Amino acid sequence: MKVTVDKDMCIGAGQCVVTAPDVFDQDDDGFVEVLNENPGEGDAEAVRDAAHVCPARVITVEE
């Protein structure tokens with residue numbers, strides 16, 4: 001699994017951090033940061049959920 005984000009389109013809602021805190025964080029301005037671009041299977045469901053709940057749809061997950 002590979003995770004990428006379009007940080008320029010992020011609105012800083014933070015749903016990704018709540019849903020998958022081992023993979024996402026927010027920078028000092030509140031915008032998404034990816035902590036782990038290649039999360040393991042243990043985080044896969046949370047990452048997919050984070051992409052689904054992101055209101056700006058900035059998270060891309062490649063399986």
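Bear in mind the structure is a predicted one, so any value in this text is a computation, not a measurement.
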- Please collect all side chain to side chain donor-acceptor pair (under 3.5 Å) contacts where either partner lies in residues 11-22, sequence neighbours excluded, each pair once.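 Sorted result for residues 11-22: empty, none.
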- Query: Of all heavy-atom pairs between Q26 and G14, which one has the smallest distance, and what is that distance?
  - Reply: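 In terms of heavy atoms, the two residues are closest at NE2-CA, 3.6 Å.
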- Query: For P55 and A13, which heavy atoms make the closest approach, and how far apart are they?
  - Reply: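 Scanning both residues, the minimum pair turns out to be CG-CB, 3.6 Å.
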- Message: If I take atom CZ from residue R57 and atom NE2 from residue H52, how far apart are they, to the nearest 0.5 angstrom?
- Response: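 So the CZ of R57 and the NE2 of H52 are separated by 6.0 Å.
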State which residues pass side-chain contact (heavy atoms from CB on, under 4.5 Å) with [X]; sequence neighbours excluded, sorted by chain then number.
X	answer
D6	D8, M9, V58
K7	D27, F31, E33
V5	F24, V32, V34, I59

- Message: Considering only residues two or more places apart or on different chains, which pairs with a residue in residues 42-54 satisfy salt bridge (Lys or Arg N to Asp or Glu O under 4.0 Å)?
- Response: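 Residue pairs passing salt bridge (Lys or Arg N to Asp or Glu O under 4.0 Å), neighbours aside: R48-E63.
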- Query: Using links of under 4.5 Å between side-chain heavy atoms of ILVMFWY residues, direct or through other members, which residues join I11 in one cluster?
  - Reply: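 None; I11 is a cluster of one.
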- Message: Membership question, hydrophobic clusters at under 4.5 Å side-chain separation (ILVMFWY): are V23 and V53 in the same one?
- Response: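 Different clusters.
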